[in-house]
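Below is one structure, written out as structure tokens, with a few remarks after it.
Computed from a prediction, not measured in an experiment: that's the story for all the values here. Just so it is clear: chains get the letters A, B, ... in the order the sequence lines come, proteins before strands, and each one is counted from 1. Computed from heavy atoms alone, side chains included, the values below leave out hydrogens, waters and symmetry copies.
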Amino acid sequence: MPWLAPRLAALIVAMSQVRVRFAPSPTGFFHIGSARTALFNWLYARHTGGTFILRIEDTDQARDSAEFLRLIYDSLSWLGLNWDEGPNPHGEGERGDYGPYRQSQRGAIYQRYLQQLQDAGRAYKKDGAIWFKQLGDRYTVFDEHRQKEVEKVKRGPVVINDLIRGRVERAEDEDFVIVRSDGHPVFHFVNVVDDIEMKVSHIIRGEDHLSNTSKHVCLYEGFGVTPPAFAHIPLILKSPEMGQGKMSKRDKGALVEEYQQRFFLPPALVNYLSLLGWNPGDDREKMTLDEIVRLFDLPGVNQSNAKFDGKKLAHMNMLYLLELPSEKFVASAKEYFAGQPTGATVLANETYFADVMMLAQPKIKSIDELAAYTGYFFTDEFLIDEKVRAKVMGKGEPKQRLVELIAALPTLDFSDDGAIEAGIKTLAESKSLGFGDYQAVARLAVSGTNAGPSITSIFRLLGKERTLSRLARFAQAS
RNA sequence: GCCCCUAUCGUCUAGCGGCUAGGACAGCGGCUUCUCAAGCCGUUAACCGGGGUUCGAUUCCCCGUGGGGGCACCA
């Protein structure tokens, strides 16, 4: 029947419409693990042309806080993980047809679903709480672990068809609480109700939820609803230096906020995170976001947990820093220094600041190294690295070289790096020496260290006068 | 204790019955060089153990062991 085709096609599109959600609770700092879960959901939505929903699970009045809620919006926005439905990022209002998107405002919906369960005889009251009722013959056993009698129900195992793990069977043979005696519905209940109501098609979450999922499947069945597809992604574990177990909010480097404050580049963090538990199937590592979106798919996600490696993240950040347009680099650097104690001084001269920053860009791994790396450009009161001093002063005749350099400096052409280099080389040649014989001691005198941009650039930016006074001061002191 | 997931270099991983087990980070060595980075070249380093299945197992199955998670009127 040809006339059916368009309707059928539309139906299939509607049925295959991917809707995923990220559902954090504002009870703590936003950490790397949450960011990765959000990212995988976001990637899957973007890959499939589906919808990414942000739902706030703020039902724990004791622990919820407005700051943590703010942090969720900020962190997701900073990472670039925009959501199609959910509260607006600035906190006022929301968008989407399936709201409210904060559980604290969905009480009426939960009541309706609870009623449905009660009407169906699948919920009952006991000890002031409301329990979900499993179907089947009952018997009691003594649970050694919990040290009490528990009532069990004879029923087959719950089957979870997981897109990443395959078929998982789990016994779920006890009734469980769905509404606490204080009247608040528990996580399992509201989570399932919301996912049904919001028409979530794929639940992508951490593997730590895998054992909850059997409860959830029971609830779907209780509501007479086919469960969505599940995809339990591996967890992020501590790196060997951090210890054992899954990464927790207390671990160093575990908070998204930390990378934000350190001015890491969001695309670098996103790229790194995408590679934790997933890969494009070949050797590609540094990928554009578009590329990741195009290549990402659930069956490609690994089944085993991954350990967090700050060094590799730092390397990724460097890669992105290297290719950042210099105006953007300077802009970020400016923002960074605005929050530094030396900020006012450093930012006083915009052109000079930009020149220094552009010198530093190809040399650093992250923007927060900038203060230490460029300190001597903005103050004469920099520290001399004693180890470097010992090394430099112990080789050849640095004092003599310094004296020669000071003598030659007034007539040295400072117009550009090439001129400075040529000048020093001429001096070196006149003494039958090399550029390197002057470089090390000059660098030490002028910057206090052995790491930095080319000495000619340092001279040029410092200017002849300041260069001379630093060289002279150092010569006098040593 | 019970249940579930999982297992390739130190770390992230490729491999989907036959490979000199590949790449990346880290490490090490070298080149380059004005220092330090970067870059380039090279190098160290892995299939957890035992049984099967098979002509043949890193790959499939089982059992150990290791790692992880979960067993609440938390989410």
Side-chain angles (χ1 to χ4, degrees), chain A residues 23-28 57-60 62-64 103 126-131 143-147 157 160 162 164-166 168-172 174 176-188 190-191 206-214 232 234-237 239-241 244-246 272 275-286 302-316 318-319 321-322 360 362-365 369 373 388 391-392 421 424-425 428 434-444 447 449-458:
Chain A
S25 21
T27 55
E57 307 218 331
D58 53 347
T59 53
D60 190 342
R63 295 194 296 153
D64 289 338
Q103 288 186 331
K126 191 178 93 181
D127 304 332
I130 300 174
W131 298 64
D143 186 306
E144 293 289 344
H145 186 63
R146 285 178 283 182
Q147 287 293 304
I160 301 156
D162 194 282
I164 293 166
R165 280 149 218 292
V168 178
E169 282 191 11
R170 235 184 82 85
E172 195 59 65
E174 287 174 30
F176 55 89
V177 171
I178 49 176
V179 180
R180 294 194 284 266
S181 45
D182 65 4
H184 292 291
V186 306
F187 160 72
H188 305 297
V190 294
N191 196 265
E207 197 215 78
D208 48 346
H209 283 287
L210 188 52
S211 25
N212 288 327
T213 303
S214 50
H232 286 92
L235 267 21
I236 298 178
L237 270 31
S239 63
E241 312 86 68
Q244 298 261 295
K246 99 174 147 166
Y272 173 73
L275 255 18
L276 235 40
W278 173 82
N279 67 78
D282 54 31
D283 288 342
R284 267 178 289 185
E285 292 206 329
K286 185 168 178 298
N302 292 129
Q303 309 183 4
S304 54
N305 298 335
K307 293 193 175 91
F308 183 81
D309 184 359
K311 285 224 181 86
K312 192 150 185 172
L313 206 206
H315 178 259
M316 190 62 85
M318 182 199 73
L319 256 29
L321 228 36
L322 241 28
K363 303 285 216 165
I364 56 167
K365 273 195 155 70
E369 293 172 10
Y373 194 80
V388 174
K391 209 172 149 190
V392 170
E421 187 176 346
I424 297 177
K425 275 192 173 149
F435 186 94
D437 293 300
Y438 294 89
Q439 183 273 139
V441 68
R443 179 183 295 280
L444 179 67
S447 73
T449 178
N450 66 341
S454 71
I455 190 66
T456 52
S457 303
I458 299 178

*Give A:Glu57 one of three labels, base, sugar-phosphate or nothing, depending on what nucleic acid heavy atoms sit under 4.0 Å from its own.*
sugar-phosphate
_Is there a side-chain contact between A:Val168 and A:His232 in this structure, where contact means two heavy atoms from C-beta onward sitting under 4.5 Å apart?_
no
_N/O donor-acceptor pair, side chain A:Asp309 with base B:A26, under 3.5 angstrom_ = no
*Does the B:C25 base have a donor-acceptor partner in the side chain of A:Lys311 within less than 3.5 Å?*
no
*Can you tell me, in whole Å, how much space there is between the C1' of B:G22 and that of B:U65?*
29 Å
_Just to be sure I understand the rule, does A:Gly245 reach a base, reach only the sugar-phosphate, or reach nothing, if contact means heavy atoms closer than 4.0 Å?_
sugar-phosphate
_Both A:Trp278 and A:Asn450 contact RNA chain B. Which one's nearest nucleotide lies toward the 5' end?_
A:Trp278
*Which nucleotide in the set B:A38, B:C12, B:G69 lies at the smallest distance from any side-chain heavy atom of A:Asp208?*
B:G69
*Mutual orientation of the aromatic rings belonging to A:Phe187 and A:His209 [parallel < 30°, tilted 30-60°, perpendicular > 60°]*: tilted
_Any side-chain heavy-atom pair of A:Pro453 and A:Ile458 under 4.5 Å_ = yes
_Candidate nucleotides B:U11, B:C36, B:G68, ranked by approach to the side chain of A:Pro240 - the nearest_ = B:U11
*Indicate, with a heavy-atom threshold strictly under 4.0 Å, whether A:Asp282 touches base, sugar-phosphate, or nothing.*
nothing
*Expressed in angstrom and rounded to an integer, what is the separation of A:Tyr438 atom OH from B:U35 atom P?*
16 Å
*Report yes if a side-chain nitrogen or oxygen of A:Gln303 is closer than 4.0 Å to either non-bridging phosphate oxygen (OP1 or OP2) of B:U6; otherwise report no.*
yes
_Between B:A26 and B:C48, how many Å separate the two P atoms, rounded to a whole number?_
26 Å
*Does A:Lys126 make a side-chain N or O approach to OP1 or OP2 of B:C73 shorter than 4.0 Å?*
no
*Which part of the nucleic acid, if any, lies within reach of A:His209 when heavy atoms closer than 4.0 Å are counted: base, sugar-phosphate only, or nothing?*
base
*Is any side-chain heavy atom of A:Phe308 closer than 4.5 Å to a side-chain heavy atom of A:Leu313?*
yes
*Any idea which of B:U6, B:G68, B:A75 is nearest the A:Arg165 side chain?*
B:U6
*What about A:Glu285, does its side chain sit under 3.5 Å from the base of B:G23 through a donor-acceptor pair?*
yes
*Could you work out the separation of B:C4 and B:C62 based on their P atoms and round it to a whole Å?*
13 Å
*Across all strands shown, which nucleotide pairs with B:U53 by Watson-Crick or G-U wobble geometry, both distances under 3.5 Å?*
none
*In whole Å, what is the span from the CG atom of A:Leu237 to the C1' atom of B:G66?*
13 Å
*asked:* When the P atoms of B:U11 and B:A45 are compared, how many Å lie between them, rounded to an integer?
replied: 16 Å
*Out of B:A38, B:C34, B:A75, whichever nucleotide has its closest atom nearest the side chain of A:Thr456*: B:C34
*Does some side-chain heavy atom of A:Ser457 sit less than 4.5 Å from a side-chain heavy atom of A:Glu421?*
no
*Would you indicate what A:Met318 reaches in the nucleic acid, counting non-hydrogen atoms under 4.0 angstrom: base, sugar-phosphate, or nothing?*
sugar-phosphate
*Please determine if A:Glu285 and A:Lys312 form a salt bridge, counting it only when a charged side-chain N lies under 4.0 Å from a carboxylate O.*
yes
_Once you apply a heavy-atom cut-off of 4.0 Å, does A:Gly277 come out as touching a base, just sugar-phosphate, or nothing?_
sugar-phosphate
*For B:C34, which nucleotide is its Watson-Crick or G-U wobble mate, given both distances must be under 3.5 Å?*
none
*Test for a donor-acceptor pair under 3.5 Å between the base of B:C3 and the side chain of A:Ser211, counting only N and O atoms.*
no
*Which nucleotide in the list B:U6, B:A75, B:G68 gets nearest to the side chain of A:His188?*
B:A75
*Report yes if at least one side-chain N or O of A:Gln244 is closer than 4.0 Å to OP1 or OP2 of B:G68; otherwise report no.*
yes
_Which residue lies more 5' along RNA chain B, comparing A:Asn305 with A:Tyr272 via nearest heavy atoms_ = A:Tyr272
*Nucleotide forming a Watson-Crick or wobble pair with B:A21, both distances under 3.5 Å*: none
_Side chain of A:Ser181 (C-beta onward), nearest among B:A38, B:C34, B:C73_ = B:C73
*asked:* For a quick check of understanding: with a heavy-atom distance under 4.0 Å over all strands, which category does A:Asn302 fall into, base, sugar-phosphate or nothing?
replied: sugar-phosphate
_Separation between the C1' atoms of B:C9 and B:G50, rounded to whole Å_ = 23 Å
*Touch class at under 4.0 angstrom, heavy-atom based, for A:Ile455 against every strand present*: base
*Between A:Thr456 and A:Phe435, is any pair of side-chain heavy atoms under 4.5 Å apart?*
yes
*Candidate nucleotides B:G10, B:G22, B:C36, ranked by approach to the side chain of A:Lys363 - the nearest*: B:C36
*A:Trp131 side chain: which of B:C73, B:C34, B:A7 is closest?*
B:C73
*Please check the phosphate of B:A75 (OP1 and OP2 only) for any side-chain N or O of A:Thr59 closer than 4.0 Å.*
yes
*For A:Pro24, which contact category applies under a 4.0 Å heavy-atom criterion: base, sugar-phosphate, or nothing?*
nothing
*asked:* A side-chain contact here means heavy atoms from C-beta on lying under 4.5 Å apart; do A:Leu276 and A:Asp309 qualify?
replied: no
*For A:Met316 and B:U11, what is the distance between atoms CE and P respectively, to the nearest whole Å?*
19 Å
_Integer-rounded Å distance: B:G69 C1' and A:Leu235 CG_ = 7 Å
*Determine yes or no for a side-chain-to-main-chain donor-acceptor pair under 3.5 angstrom, with A:Asn191 supplying the side chain and A:His188 the backbone.*
no
*Contact class for A:Ser304 (heavy atom, under 4.0 Å): base, sugar-phosphate, or nothing?*
sugar-phosphate
*If we call it a pair only when both distances are under 3.5 Å in a Watson-Crick or G-U wobble match, what pairs with B:U58?*
none
*Would you say A:Arg165's side chain and A:Gln303's backbone share a donor-acceptor pair under 3.5 angstrom?*
yes
_Nucleotide opposite B:G42 in a Watson-Crick or G-U pair, distances under 3.5 Å_ = B:C28
*Paired with B:G1: which nucleotide, if any, by Watson-Crick or G-U wobble criteria at under 3.5 Å for both distances?*
B:C71
*Is A:Arg180 near enough to B:A72 that one of its side-chain N or O atoms lies under 4.0 angstrom from OP1 or OP2?*
no
*Quote, to the nearest angstrom, the C1' distance that separates B:C47 from B:C19.*
13 Å
_From the set B:A24, B:U11, B:U13, return the single nucleotide nearest to any side-chain atom of A:Lys307._
B:U11
*Between B:A24 and B:U44, how far is it from one P atom to the other, in whole Å?*
14 Å
_Can you tell me if A:Asn279 touches the phosphate of B:A14, counting only side-chain N or O atoms and a distance under 4.0 Å to OP1 or OP2?_
yes
*Under 4.0 Å between any heavy atoms, over every strand shown, what does A:Ala306 touch: base, sugar-phosphate, or nothing? Just pick one.*
sugar-phosphate
*Closest nucleotide among B:C36, B:A14, B:C73 to the A:Val186 side chain*: B:C73
*For B:G69 and B:C73, measure between their C1' atoms and round to the nearest Å.*
23 Å
_Base paired to B:C9 (Watson-Crick or G-U; both N/O distances under 3.5 angstrom)_ = none
*asked:* Mind checking if A:His184 touches a base, just sugar-phosphate, or nothing, with heavy atoms under 4.0 Å?
replied: nothing
*Tell whether A:Lys312 reaches the base of B:A26 with its side chain through a donor-acceptor pair below 3.5 angstrom.*
no
